[in-house]
Amino acid sequence: DALSISEDQQAFALIKHASSEIHLTVKLAHDWDGNLLKESVKMDRQRGLVHKVFINNYIRTDRSYGFRVLIVMEDHSLLLLQQGEIVWSREDGLASIIDVTTSELPVERNGVSVAKVEHNLFEWLKGHMLKLKGTLMLASPEDMAAIQSMRLKSSEKSKMTRDHNGFRKLLIVLTRAGKLFALHTGDGRIVWSHLLRSLHKSEACQSPIGLNLYQWQVPHHHAMDENPSVLVVSRCGPSSDTPGVLSFVDTYTGKELSSLSLDHAVVQVIPLPYTDSTEQRLHLLINADKHAHLYPKTSEALSIFKREFLNIYWYSVEDQNGIIKGHALKCKCTGKVADEFCFDTRDLWSVVFPSESEKIVATVTRKLNEVVHTQAKVVADQDVMYKYISRNLLFVATVAPKGSGEIGSVTPEESWLVAYLIDTVTGRILHRVTHHGSQGPVHAVFSENWVVYHYFNLRAHRYEMSVIEIYDQSRADNKDVWKLVLGKHNLTSPISLFSRPEVITKSQSYFFTHSLKAIAVTSTAKGITSKQLLLGTIGDQVLALDKRFLDPRRTVNPTQAEKEEGIIPLTDSLPIIPQSYVTHALRVEGLRGIITVPAKLESTTLVFAHGVDLFFTQLAPSRTYDSLTEDFSYALLLITIVALVAAIFVTWRLSERKELQEKWR
């Protein structure tokens, strides 16, 4: 970078890498032999190579020129160098997160080594000495920083072990620069960071791009000695037909266990609901030639896969062509790519949307790990409706081609939005609804048996949110208690998606004030707690909206039975309650995504919002009905119990005496 330091002089900076150091040299443009500045700085290799350099000059007390250098590293971090030291650094790569997953922390061990006891004793003595200096006002700024650090470390929420309620976890995030970070949910600190070798530019991989994160190994019970790991899927270029790269990373240490340079592209990754004896999850990778490749490539994984061969279905969406296709496995690959872990696929069905009238703008399906507590929903007058629960339901939103532009670019007569519910095993369209005079962008979320989507109504000049709920009519006759008691019901009978389902849908639309950037739904461990929608507004805040406001059975004058059920009277718009902002007065600048993770405590869900800023909180949609607050008075509870026991004993004695006196009479 060049900089004018006087009317006729220009200086420029050069950076040279040497192992774990970088050498900085500042020279005059007209005098290459001399150096205005020459420094060496130790650099963390996990930051990668230097990408950009910016210099700034200042006048020292001796009237000579001094220089500050701002460096942008390969991992998108910023560093300011001055006088041979890193003055400050910022992990700005976290402003470009492309995918997030979670990892459990290690289980706390009961056994403690002698060395650890001695270390803890030394730390305890050191801590008390520092606190004493702080109390006597003798502590230096460095001592005060150490005291603050020790307080944070001793805090319960910042421990590096699992807690009983499941609040402490690791957030594993992948950035656009190809760097992995592990963030502690307790205090948000970076536990470790790792710039993946597989995402370094090389001759074999000219433009590596990180795509997604997947859970690879999640040890349980018999495999607790293994550390959990994640799978990072990337490819060597922007085109979908470039070769893929797989990386396997230990979530406790951040160590890259191994990486695979594939000889095929990765167009789609399908996590399968099967694991081997080491708790490694099976994944199916689909390439550009529609071949399916099984990972991990082990004989055990292959035998598990073959047992479920006929039960594996998936779908693909071609946005540009307006086509959705369903696929299944056919046989082992033939030709050049043939190996025992490669399989040919076949097309089962396709839905083609007419290009002159419809364009796909949004598709969404249920989370793979979502838990549904019960299929039955008790409504007013003790009636029962059965939710249509299927992991193979896909919500698709299409708009008129003219209406795919910016809001207001078309008239209401030229634009419409069509919402579909499609079964991805058979390709059957279970529901279709058209919103005339509406256009995108469309944001949608799918949970249990309902889907909520947000769009713009051109006729009303307002945003709208619609809800669709789908119910199973084939089980509607299971309402007689005696049938349930005697077992004469069909609730346990197997369901096949190939038989035409008897379903009904209920839907409703409401006006909504804000434009949205993201939408998500709370998720809990057992699925018992009420749901809340988390809406990322255009103002970069997160709003929690109770799902009851989006109940399609709302009426203007609900009956007494409906009021007892919790049905809210119908209004044309959804309320925005200021206290419902999860982010309170804060803004998550450049909000791009909202992730929800269930805690072990059923009432609580963990919420992570990311953009330029990062935000994390715990949310209790139905309040903390299954735990006591931190300020709960256990002493008062104990006194109350003792008083009750004493009162019972005294009352019993008085009753005995009265009874005895009655008998003597």
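Going from atom OH of Y295 over to atom CG of L246 covers 6.0 Å, rounded to the nearest 0.5 Å. A distance of 10.0 Å separates OG of S509 from CG of L574, quoted to the nearest 0.5 Å. The distance from atom OG1 of T411 to atom NZ of K402, rounded to the nearest 0.5 Å, is 7.5 Å. Atom CG of D344 and atom NZ of K330 lie 6.5 Å apart (nearest 0.5 Å).
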* For side-chain contact (heavy atoms from CB on, under 4.5 Å), just list the numbers for V361 and Q439, CA-CA rounded to whole Å, side-chain angles, deciding distance to a tenth of an Å, and then say yes or no. => CA-CA 10 Å; V361 290; Q439 72 172 124; over 6 Å; no
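Checking T505 against H431 by side-chain atom types alone, a donor-acceptor pair falls below 3.5 Å. Using a 3.5 Å distance cut-off with no hydrogens or angles, the side chains of Y455 and S466 do pair a donor with an acceptor. Under 3.5 Å, the side chains of R235 and S240 contain no donor-acceptor pair of N or O atoms. There is no side-chain donor-acceptor pair under 3.5 Å between T605 and T596. If you check the side chains of S409 and E406, you find no donor sitting under 3.5 Å from an acceptor.
In this structure, the ring of Y420 has its center less than 6.0 angstrom from the ring center of F353. Checked against the 6.0 Å centroid threshold, H435 and Y453 count as a close aromatic pair.
A parallel orientation is assigned to the rings of H293 and H264, their planes being inclined by less than 30° (bins at 30° and 60°).
The number of heavy-atom neighbours closer than 6.0 Å to CZ of R459, taken from other residues, nucleotides and ligands shown, is above 12. The number of heavy atoms from other shown groups lying within 6.0 Å of CZ (R623) does not exceed 12. Atom NZ of K547 has more than 12 heavy atoms from other residues, nucleotides or ligands within 6.0 Å. Environment of CD in E356: crowded, with over 12 heavy atoms of neighbouring residues, nucleotides or ligands closer than 6.0 Å. The local environment of NZ in K367 is crowded, with over 12 non-hydrogen atoms from other residues, nucleotides or ligands closer than 6.0 Å. Atom CG of D572 has more than 12 heavy atoms from other residues, nucleotides or ligands within 6.0 Å.
One N or O on the side chain of R281 and one on the backbone of L272 form a donor-acceptor pair closer than 3.5 Å. Q215 places a side-chain N or O within 3.5 Å of a backbone atom of T102 that can act as its donor or acceptor partner. No donor-acceptor pair closer than 3.5 Å links the side chain of E589 to the backbone N or O of G611. The backbone N or O of L78 lies less than 3.5 Å from no partner atom in the side chain of R90, so there is not a single donor-acceptor pair. When atom types are taken as modelled, the side chain of S580 and the backbone of L543 share no donor-acceptor pair closer than 3.5 angstrom. Of the possible polar contacts, one joining the Q375 side chain to the K387 backbone as a donor-acceptor pair under 3.5 Å is found. A distance-only check finds a donor-acceptor pair linking the side chain of R346 to the backbone of L329 [under 3.5 Å].
The side-chain heavy atoms of V245 and P208, taken from C-beta on, include no pair separated by under 4.5 Å. For the pair D551 and E562, the minimum side-chain heavy-atom distance is 4.5 Å or more.
Listed by chain and residue number, nothing satisfies the side-chain hydrogen bond (donor to acceptor under 3.5 Å, both in side chains) test with T555 (two or more places apart in sequence, or in another chain).
Checked for salt-bridge contact, R587 and D540 meet the test: a charged N lies under 4.0 Å from a carboxylate O. Between K377 and E469, at least one side-chain nitrogen of the basic residue sits less than 4.0 Å from a carboxylate oxygen of the acidic one, meeting the salt-bridge criterion.
Residue Y463 is tested with F511, Y510, F512, F456 for a ring-ring contact (aromatic ring centres under 6.0 Å, His included); the sole match is F456.
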